[in-house]
Amino acid sequence: MNREPVGWTPDALAQGNIPASEGDDTSFEFEDEAAFAHPRRVVRILWHMAPILVLTAMLLAVADQPWLAKLFHRLPPAALVPITVVCDVPWAVIRVDGRGAPTHCAEGVAGSLPMARLRVKGGPHTLVATADGFAPYPIYIIAHPGSSGLYLTQFSLTVEGNAQALDATNRFFANEYIQDAILPASLWRDIGLRTPPSGSFVRVREQFEANALDAYEPFYSETTYQRPITPNQGAVGAAVVVVEHVTVFDGCSATPLIERRQPVLYANHASVTFSVRPGAQNWLAASPYALNPNADIYTAPNIAATPATPSALFVLAARTNLAERLGNLSLLAGAVSVSPLATAAAWAPGLALTVINGGRQTLRIAGARPGAVWLYIAGTLIALTAAARDLAPGLTSASSTVNLNDLRASLAHQSKQTCGGR
């Protein structure tokens, strides 16, 4: 490439006239008119300028497109909607759409309903409620921003939960509700034995069993005859069908001579309500309430349901047996008094049922008169007097050897036979 230094002329070059100031350190400058015309040079320049050009284009677009501007101006998050779920099972948990951390139902002050409080985004959701022993309960909701929601769970016991509740009540009965009584062998006909025992006494074991779960009752529920249903805090109400289980042995023999089972209150309705809840290994039962068969919605709570002690259940069993003989449960209301043959603590020996003064008017049965006395012993109802036989025709009459006073005296002075320490 032929280039002439700037400021030099051909004549000066030919004459050797070179400016002294230039010397050997003279710098040369050349102008390349085609420098910016080279294609590769142009591409490199444009490549380095591309980010600036793109950013400029986006800023211009944002200025004219509001929808695109929203991408660069973040909106505040939507407010969450408060949701309250009333739990009929205190140990239930709630998950939103079946995922995420569970929200536990929390109990407030005593007597208040357990509730789960949570917040969800607006729109449709499924609240999945689960509890040990109960089938999952889904709640379909649509959360509306600006308004809170209130919902209720309605759990159903599973087969496993039903079995757990029954096992808990039967363990409760087995621990405290079993008692043995020693009766004279002379009563063998009256208590329904076909042959006399070999010894001088018979042993009668009285106990109670739950043979079915009639209903699961949330603790705030109330029905016409099941009042008050007030399970302990943290528990639910389980109404069970309770039967009296009577076993008669020949002395201390372990082989039963006869066994009887009969309902404490009704054959197909709940008679005792328990507070049940899951424990560390098995469910636990406590605070049983016996339900008064004469109660209705107007009955005072302290009369409609009373604590179900063993003696109270024994009295209910005797009254139920007599009511079936009389044909109407209401005939017993205020007409018959019940007293233990021994003591309230020693309830297994039996009970005496007597028509009290005014019984004729209360029972409203032609021919009724005071003096009707029945003996309830070993699960059998026996008419002790003629008046008792008149009120319940067909009932077995006591043998001539049965005298109520003599029987009570015998029970009071009997030897402390325990048969193996029980």
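Nearest heavy-atom pair across Ala348 and Phe314 is O-CZ, 4.1 Å. Contact between Leu351 and Ala318 at its shortest, heavy atoms only, is CD1-CB, 3.7 Å. Looking at every heavy atom in both residues, Ala210 comes nearest to Asn170 through N-OD1, 2.8 Å. Between Gly192 and Ile258 the shortest heavy-atom distance is O-CD1, 3.9 Å. Nearest heavy atom pair, residue Pro256 against residue Thr247, reads CB-CG2, 3.6 Å. In terms of heavy-atom proximity, Pro197 sits nearest to Trp188 at CD-CB, 3.6 Å.
Aromatic pair Phe274/Phe173: centroids less than 6.0 angstrom apart.
Counting only distance, with no hydrogens or angles, the side chain of Ser148 and the backbone of Pro82 share no donor-acceptor pair below 3.5 Å. For the pair Asp97 (side chain) and Thr126 (backbone), a donor-acceptor distance under 3.5 Å is present. Of the possible polar contacts, one joining the Asp88 side chain to the Phe155 backbone as a donor-acceptor pair under 3.5 Å is found. In this structure, the side chain of Thr103 does not engage the main chain of Leu118 through any donor-acceptor pair within 3.5 Å. Under the 3.5 Å distance criterion, the side-chain polar atoms of Arg319 are matched with a main-chain donor or acceptor of Val336. A donor-acceptor pair under 3.5 Å is absent between the side-chain atoms of Glu244 and the main chain of Ala317, judged by distance alone. Side-chain atoms of Thr158 come within 3.5 Å of backbone atoms of Gly133 as a donor-acceptor pair (strictly under, hydrogens ignored).
A heavy-atom distance below 4.5 Å is not found between the side chains of Trp283 and Arg277. The shortest side-chain heavy-atom distance between Trp91 and Val236 falls under the 4.5 Å cut-off. Inter-residue side-chain proximity for Val264 and Thr320 is flagged as unmet; no heavy-atom pair is nearer than 4.5 Å. Taking the side chain as every heavy atom from C-beta outward, Thr255 and Asp250 never approach each other to under 4.5 Å. Pro310 has its side chain within reach of Tyr177: a pair of non-hydrogen atoms, C-beta onward, lies under 4.5 Å apart. Looking at Thr354 and Ser337, their side chains come closer than 4.5 Å, going by heavy atoms from C-beta outward. Counting only heavy atoms from C-beta outward, the side chains of Leu193 and Val202 approach each other to under 4.5 Å. Between Leu381 and Leu322, some side-chain heavy-atom pair lies under the 4.5 Å cut-off.
For the salt bridge (charged side-chain N to carboxylate O under 4.0 Å, His left out) test, residues two or more places apart in sequence or in another chain that qualify with Glu209 are Arg261. Take Val93 and apply the side-chain contact (heavy atoms from CB on, under 4.5 Å) test, not counting sequence neighbours, and it matches Arg95, Pro102, His104, Thr130.
The structure places CD1 of Ile382 at 6.5 Å from CD1 of Ile377, a figure rounded to the nearest 0.5 Å. For the atom pair OH (Tyr376) and CG (Leu353), the distance works out to 9.5 Å, reported to the nearest 0.5 Å. Rounding to the nearest 0.5 Å places CZ of Arg203 at 10.0 Å from CG of Leu257. Here the CG-CD1 distance, from Leu375 to Ile191, works out to 10.5 Å after rounding to the nearest 0.5 Å. Here the straight-line distance linking atom NE2 of His245 with atom CD of Gln262 works out to 11.5 Å at 0.5 Å rounding. In this structure, the separation between CG on Leu80 and NZ on Lys121 is 8.0 Å, given to the nearest 0.5 Å.
No more than 12 heavy-atom neighbours from other residues, nucleotides or ligands sit within 6.0 angstrom of CZ on Arg189. Other residues, nucleotides and ligands place no more than 12 heavy atoms under 6.0 Å from the CZ atom of Arg117.
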* Take Asp132 and Gln164 through the side chain to side chain contact (heavy atoms under 4.5 Å, CB included) test and state the conclusion after the steps. => CA-CA 10 Å; Asp132 290 345; Gln164 287 275 23; over 6 Å; no
* Please assess Asp190 against Thr380 for the test side chain to side chain contact (heavy atoms under 4.5 Å, CB included), listing each intermediate value before the final yes or no. => CA-CA 8 Å; Asp190 301 286; Thr380 302; over 6 Å; no
